[in-house]
Amino acid sequence: MSWTREKMCERASKELEDGFYVNLGIGMPTLVANYISEKNNVTLQSENGMLGMGPFPKKGEEDPDLINAGKQTITSLPDSSFFSSADSFSMIRGGHIDLSILGAMQVSESGDLANWMIPGKMVKGMGGAMDLVAGVKKVLVLMDHNAKDGSPKIVNKCSLPLTGKEVVDLIITNLGVFEVDKGIKVLEIAPDITKQELINNTEADLVFS
Amino acid sequence: MSWTREKMCERASKELEDGFYVNLGIGMPTLVANYISEKNNVTLQSENGMLGMGPFPKKGEEDPDLINAGKQTITSLPDSSFFSSADSFSMIRGGHIDLSILGAMQVSESGDLANWMIPGKMVKGMGGAMDLVAGVKKVLVLMDHNAKDGSPKIVNKCSLPLTGKEVVDLIITNLGVFEVDKGIKVLEIAPDITKQELINNTEADLVFS
Amino acid sequence: MNDKTFKKVYKEAKEALEGVLFDGMVVMSGGFGLCGLPENLILALRDSRVKNLTVISNNAGTEGQGLGLLLETKQIKKAISSYVGENKLFEKQYLSGEIELEFNPQGTLAERVRAGGAGIPAFFTATGVGTLVSEDKTHQSFKGKEYIMETGLTADLSIVKAWKGDKSGNLIYRKTARNFNPVMATAGKVTIAEVEELCEVGELDPDYIHTPGIYVNRILEGKDYSKAIENLTLSEE
Amino acid sequence: MNDKTFKKVYKEAKEALEGVLFDGMVVMSGGFGLCGLPENLILALRDSRVKNLTVISNNAGTEGQGLGLLLETKQIKKAISSYVGENKLFEKQYLSGEIELEFNPQGTLAERVRAGGAGIPAFFTATGVGTLVSEDKTHQSFKGKEYIMETGLTADLSIVKAWKGDKSGNLIYRKTARNFNPVMATAGKVTIAEVEELCEVGELDPDYIHTPGIYVNRILEGKDYSKAIENLTLSEE
């Protein structure tokens with residue numbers, strides 16, 4: 001049985017150590033915020049210029065001047081601070097963010113990441129993704145193990161244009177948890193998934209320990 | 001009769017156009033502030049991180065957190081703003097300051113400026129002078145025409161280490177006012193000073209109009 | 001530009017734009033999505049019909065909102081942005097070749113603008129190394145790590161939106177409506193700011209000014225802010 | 001450094017320095033002259049007797065004040081500064097070869113520190129072109145103007161002084177005591193801040209934070225600030 005999205009997010013949240021400053025990408029990574037316990041002091045950064053991102057607002061409390069990088073209405077917290085885009089990316093580029101969680105189209109065995117562009121399709125832009133993967137201390141990819149057409153997303157070499165080269169540290173999919181460190185090391189396998197199933201669904205060579 | 005220091009400062013103050021943002025160097029240039037009329041909106045920048053520098057404080061009103069680049073106690077004005085050293089020099093380097101008035105040891109006919117170092121003597125450092133002359137739109141040198149030993153300070157080529165190359169636009173001395181523009185053009189001569197006296201006291205060729 | 005008259009305050013956005021516009025100019029516009037947009041100035045820019053603009057802005061607006069307004073009137077020749085999703089009109093004009101597009105990583109875009117305002121012609125960053133962004137760019141290694149060189153950006157005109165501003169041009173932004181506005185204010189040959197509340201000089205605390213007045217050539221109090229929300233998201237309880 | 005325990009608040013400067021000092025380390029210290037100096041942390045640094053320090057700071061203090069204290073104990077091996085006047089002890093140690101000195105133009109120093117904190121390994125500036133400062137540096141021309149390349153600076157430890165700070169590390173500076181403190185806070189592998197007033201989280205307005213808490217690993221409320229005035233100048237009336 002492969003992991004549900006909820007289970008994947010919960011697993012990803014375990015990577016958020018006490019005191020971590022974390023940037024969560026748009027989409028599934030945003031949901032990881034639901035699994036942050038109040039006990040461990042995790043601070044969320046939003047690259048449009050905010051540290052200390054709070055939950056979504058209650059109805060009627062939304063503020064058009066207070067949005068996250070996905071343009072969603074959010075709230076602030078007592079320890080929040082606001083700053084410019086330049087200051088925000090100085091924080092990111094300068095290696096001050098401990099962890100970034102992003103979605104991906106492809107990850108290669110050397111940690112190359114592709115998640116911004118499909119040739120031939122309209123390109124919306126890379127936004128802050130290239131800055132995040134180049135600057136943040138640890139990059140975690142949270143994605144389905146296979147594309148919708150069933151093709152593997154953990155590949156020998158990305159066929160799609162890269163977002164960053166040798167940037168991914170950890171991959172969490174619905175089938176398992178993988179460390180990128182001179183190859184793809186299998187750290188955990190979802191329940192009832194066999195090694196062979198993992199191998200069948202992965203193009204890159206897997207290292208089992 | 002050569003100009004007094006007061007007269008020199010008063011003459012320099014005429015270069016402060018309405019609406020100008022101005023940085024005044026340490027020493028005689030600081031005194032130019034005394035000749036700024038309230039009518040023309042001149043704003044003084046202090047490179048340690050302040051725009052809108054006010055007069056020196058009255059006794060008992062000095063604030064150790066409020067100093068200028070010469071480490072003198074100063075005051076703020078209603079339009080003042082404070083910022084970091086990095087932001088201050090972004091303002092300077094980025095060409096946002098209209099005019100800088102500095103002292104000098106030597107100015108060459110091509111506008112090279114030497115004012116920070118005498119070889120063999122203890123060097124205190126260039127502080128912000130190199131940034132100012134490289135970044136500010138117009139650089140005015142305010143200095144005695146001759147050194148204490150009588151040697152000319154407007155020279156063919158600076159013998160002292162440079163603060164900046166081809167940076168000086170205007171020179172005001174006790175003997176006259178000079179524009180640096182493919183040579184040293186004499187704009188004004190102090191009363192009772194003859195052309196010959198000027199020439200005798202200047203190493204660089206002078207262009208009289 | 002040094003405004004010799006030191007009359008920075010303008011009543012209307014249209015009036016504030018007078019004398020600074022020309023076809024083919026480069027315009028920077030603050031804002032992130034629809035947040036912190038100089039709405040009045042964008043409208044006045046549209047009404048001016050100035051054309052062949054190169055627009056530097058993180059996004060290209062949505063249909064009928066933000067810079068989307070300048071797409072309708074085909075005033076934009078080129079956009080330098082990090083993300084232009086959510087805009088079918090942009091897509092159409094891009095695919096038909098009417099509009100040129102240069103993508104910059106968001107942090108690189110912000111830093112290029114900051115560099116432009118700070119007199120830094122170029123800097124090195126690891127962002128984009130090994131990607132399409134690095135093509136044709138100077139590569140250099142520092143302490144064993146590879147970087148690419150990016151250049152500073154300036155504009156003929158920067159239009160920014162602040163929360164409060166005083167008549168000497170000091171600005172304060174509110175929450176995440178700050179975004180690209182402060183850096184763009186520094187990088188325009190002329191910078192025009194619109195504010196929700198125009199204050200008298202002395203009303204703002206000098207310790208909390210985000211944009212010192214030196215960067216603002218003209219200022220106006222905007223009106224009828226729509227402050228549209230692009231993606232209203234509420235908590236469930 | 002990520003402080004896993006998230007216990008940022010320390011009672012004493014001495015305690016705050018525990019575990020981060022080593023001989024030969026690079027230390028950045030905020031302050032301009034005697035204004036905005038981390039007085040408590042400098043004293044504790046002196047008392048620690050850590051030696052062979054490379055100190056990055058705009059000035060070298062005066063005798064018995066600021067970094068002058070670390071000169072008395074000969075803890076400084078090298079200084080990277082823009083101006084070291086007004087300090088006879090520095091002069092003596094420099095002339096005798098006990099201390100190494102690297103002068104940077106003040107704006108270049110500030111920008112190098114900012115770059116270090118912002119992940120920018122190098123940038124170009126016109127400051128110092130044609131002077132001693134440009135010797136042995138990479139020259140490059142942009143749009144017909146000559147620039148030199150300067151590199152980013154980081155430190156093993158940054159010590160900074162703020163006016164108010166909260167327990168999550170957010171800082172606010174007062175007047176010109178801000179100076180180099182905010183950029184240095186970003187460029188230390190470990191940054192320790194001392195504040196005049198330690199506040200509870202939530203007491204500072206998120207719009208007016210000068211240094212976001214992410215940059216501050218440890219924070220303490222300082223005491224007995226001397227806040228010496230280097231050059232008392234009064235108006236005549």
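Numbered from 1 within each chain, the chains take letters A, B, ... in sequence-line order.
Of the options C:T125, C:T131, C:T108, a side-chain contact (heavy atoms from CB on, under 4.5 Å) to A:M130 is made by C:T131 and by none of the others. Partner of A:D65 under the side-chain hydrogen bond (donor to acceptor under 3.5 Å, both in side chains) criterion, out of C:K175, C:K227, C:R178: C:K227 alone.
Taking 4.5 Å as the heavy-atom cut-off, the residues of residues 111-129 of chain A that approach chain C are A:W116, A:M117, A:M122, A:V123, A:K124, A:G125, A:M126, A:G127, A:G128, ordered by number.
Remark: C:N179 CG to A:F82 CZ distance equals 12.0 Å, nearest 0.5 Å. Atoms CZ and OG, from C:F32 and A:S46 in turn, are 7.0 Å apart once rounded to the nearest 0.5 Å. Note that CG of A:L132 is 8.5 Å distant from OG1 of C:T127, once rounded to the nearest 0.5 Å. How far CD of C:Q106 is from CZ of A:F89: 3.5 Å, rounded to the nearest 0.5 Å.
Here the shortest heavy-atom pairing between C:T176 and A:N48 reads CB-ND2, 3.7 Å. The nearest pair of heavy atoms linking A:A134 to C:K145 is O-NZ, 4.1 Å. Closest of all the heavy-atom pairs between C:C35 and A:I67 is CB-CD1, 3.4 Å.
With a 4.5 Å cut-off on side-chain heavy atoms, C:L234 and A:E62 count as touching. Residues A:S90 and C:E111 form a side-chain contact, since some pair of their non-hydrogen atoms from C-beta on lies under 4.5 Å apart.
For A:D87, no part lies under 4.5 angstrom from a heavy atom of chain C. Neither the backbone nor the side chain of A:I92 comes within contact range of chain C; no heavy atom of the residue lies under 4.5 Å from a heavy atom of that chain. Only the side chain of C:I229 comes within contact range of chain A, judged by heavy atoms closer than 4.5 Å. Both the backbone and the side chain of A:E47 come within less than 4.5 Å of a heavy atom of chain C. For A:P57, the parts sitting under 4.5 Å from any heavy atom of chain C are the backbone and the side chain alike.
Residues in residues 146-166 of chain A take part in no ring pair (Phe, Tyr, Trp, His ring centres under 6.0 Å) pair, two or more places apart or across chains.
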